[in-house]
Number of protein chains: 2
Amino acid sequence: MAITQLFKYFQKFTPLHLDNEEQILLESKFIQRRVKRRQMILQEGFVCKHYFFVAEGCFRMYGIDDKGYEHNIQFAAESDWIADIGSFHSNKPSKLFIEAIEPSVILQIEQQDLYFLYNNIPKLNRIFKVIIENKYVELQNHVLQTFSSTAEQRYLSFLEQYSDLASRLPNTQIASYLGITPEFLSKIRKDLTKK
Amino acid sequence: MAITQLFKYFQKFTPLHLDNEEQILLESKFIQRRVKRRQMILQEGFVCKHYFFVAEGCFRMYGIDDKGYEHNIQFAAESDWIADIGSFHSNKPSKLFIEAIEPSVILQIEQQDLYFLYNNIPKLNRIFKVIIENKYVELQNHVLQTFSSTAEQRYLSFLEQYSDLASRLPNTQIASYLGITPEFLSKIRKDLTKK
DNA sequence: TAATACGCTTAATATAGTTTAAGGGTAAAA
DNA sequence: TTTTACCCTTAAACTATATTAAGCGTATTA
């Protein structure tokens, strides 16, 4: 069951263990859902109504530029969270898409329910503070990488830092995350084999 | 006094008002500090020991690439927070610099003291969760901007979104934030006057 | 007040990465 | 099983942006 995976995930946040009563409350607010490959769980123009916990599979979050090109800004695999936090809290339409790259299972929670949990299980505030801090650090590192090195160096760091993801993702998706075209990534890979 | 500014800032987080006792506790943990223009409050290689609340003035956070070029990733002016969150929580050396762009006044708090406050004023967890959510959204928008448009469009959006900052910052700093050279920003500005 | 550093601009040359187009291989769908 | 869609590659032409270098004005600092 996906919900036990979520409990295990929260258990990592020692010393903030959830008691039985709290777990039951949690379970009542999360809904489990199966998502097909390529299925969208968020589309541009819609408000992001849920926080998603990935129990199985893999997702990407991306935006589309004026020319119609997609730009990945985040991946999320097992035991990771994904949502357009800005849209979720402001209730404004999102500019982003979230799409399953693999057949997946998620646990989703609605805004009102999450707020209810924040009020009734105060330690969740701390847990989610840490979750978002980690997301922030990840994003900041990505920004630093983008600025501070060539596409080849960025590709190599990606392989290192996300070796598990790298082997699951098509190169097209990696290129989009690195901010380059698939063609150029292909060239980089060719040049690397020569070295 | 800078501390009253911090209280006012926290008051915005209704319905999470701090009572008198909590304010006294808060005040005892924050240290006020005057910072000169160009002075660093964080340098690469050092652990980020503090969270900084900017009461007056303006800061930039930047990294340096292999070629020695600086890349701004964040500005913080009055009533904003700045810190290398990753280094602060992990106690690992930072890869970043934080420097005053103007003569400034800050309130700083140490890691242990902040953790003490998190434990003794639980609602602070929620307040800082929201603070970091906002930081995350800002950074994500920056990433989206970077990917999704030409340097000229990014410059125009920056002027719109941060009109107050834009008038205070030298163009060199804006260029560094936009991920372009000062020379190229100069060209963009020239081209824009022609239109 | 003089000296220096800083910020802005211009322009010529250089390059990392894009665009377009075409072909081949393999997995999904019919 | 056949067809279609997707993914990866190659290469030539192209473009947005970097690099280098030089000059000018105005804040800082000595």
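Side chains are part of it too, since the values below use all heavy atoms of this structure and drop only hydrogens, waters and symmetry mates. Just so we're on the same page: letters track the sequence lines, and every chain starts at 1. Since we're looking at a predicted model, the values are computed, not measured.
Atom pair E102(A):CD and dC7(D):C1' shows a separation of 16 Å (rounding to whole Å applied). Distance CG (L185(B)) to P (dA11(C)): 17 Å, rounded to an integer number of Å. Here dC7(D) presents its C1' atom at 14 Å from CD of E70(A), a figure rounded to the nearest Å. Here dC6(C) presents its C1' atom at 11 Å from CD of Q173(B), a figure rounded to the nearest Å. Put simply, CD on Q153(B) is 12 Å from P on dA16(D), counting in whole angstrom units. Between the CG atom of N171(A) and the P atom of dT10(D) there is a distance of 12 Å, given to the nearest Å. Rounded to whole angstrom, the span from the CG atom of D191(A) across to the P atom of dT10(D) amounts to 9 Å.
When each of dT10(C), dC7(D), dT9(D) is scored by its nearest atom to the side-chain atoms of R189(A), the top-ranked nucleotide is dT9(D).
Counting non-hydrogen atoms of other residues, nucleotides and ligands closer than 6.0 Å to CZ of F46(B) gives a total of 12 or fewer. Enclosure of atom CZ in R34(A) is not indicated, since only 12 or fewer non-hydrogen atoms of other residues, nucleotides or ligands lie within 6.0 angstrom.
Counting only N and O atoms by type, the side chains of Q145(B) and S157(B) include a donor and acceptor under 3.5 Å apart. A side-chain donor from one of R60(B) and Q173(B) sits under 3.5 Å from a side-chain acceptor of the other.
Taking five base pairs at each end of the helix from dT1(C)-dA30(D) to dA30(C)-dT1(D) and finding the rotation axis that steps the C1' atoms of four pairs onto the next four gives two axes whose angle is 60°, to the nearest 10°.
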Just the atom pairs and distances: protein N or O near nucleotides 17-28 of chain C's N or O, under 3.5 Å.
unit_1, atom_1, unit_2, atom_2, d
dG17(C), OP1, R154(A), NH2, 3.4
dT18(C), OP2, T181(A), N, 3.1
dT18(C), OP2, T181(A), OG1, 3.2

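Look at R38(A) and you'll find a side-chain N or O under 4.0 angstrom from OP1 or OP2 of dC6(D).
Ring-plane geometry between Y51(B) and W81(B) is classed as perpendicular, the angle between the planes exceeding 60 degrees on a 0 to 90 degree scale with a lower cut at 30. Relative ring orientation between F13(B) and F10(B) is described as tilted, the plane-to-plane angle lying within the 30° to 60° band. Between Y177(A) and H142(A), the angle of the ring planes stays under 30°, which puts this pair in the parallel group of the 30/60° scheme.
Residues L165(B) and I174(B) have side chains not in contact (no heavy-atom distance under 4.5 Å, counting atoms from C-beta outward).
Residue pairs meeting the ring-ring contact (aromatic ring centres under 6.0 Å, His included) criterion with at least one partner in residues 18-44 of chain B, sequence neighbours excluded, do not occur; the list is empty.
Across all strands, T172(B) comes closer than 4.0 Å only to sugar-phosphate atoms, never to a base (heavy-atom distances).
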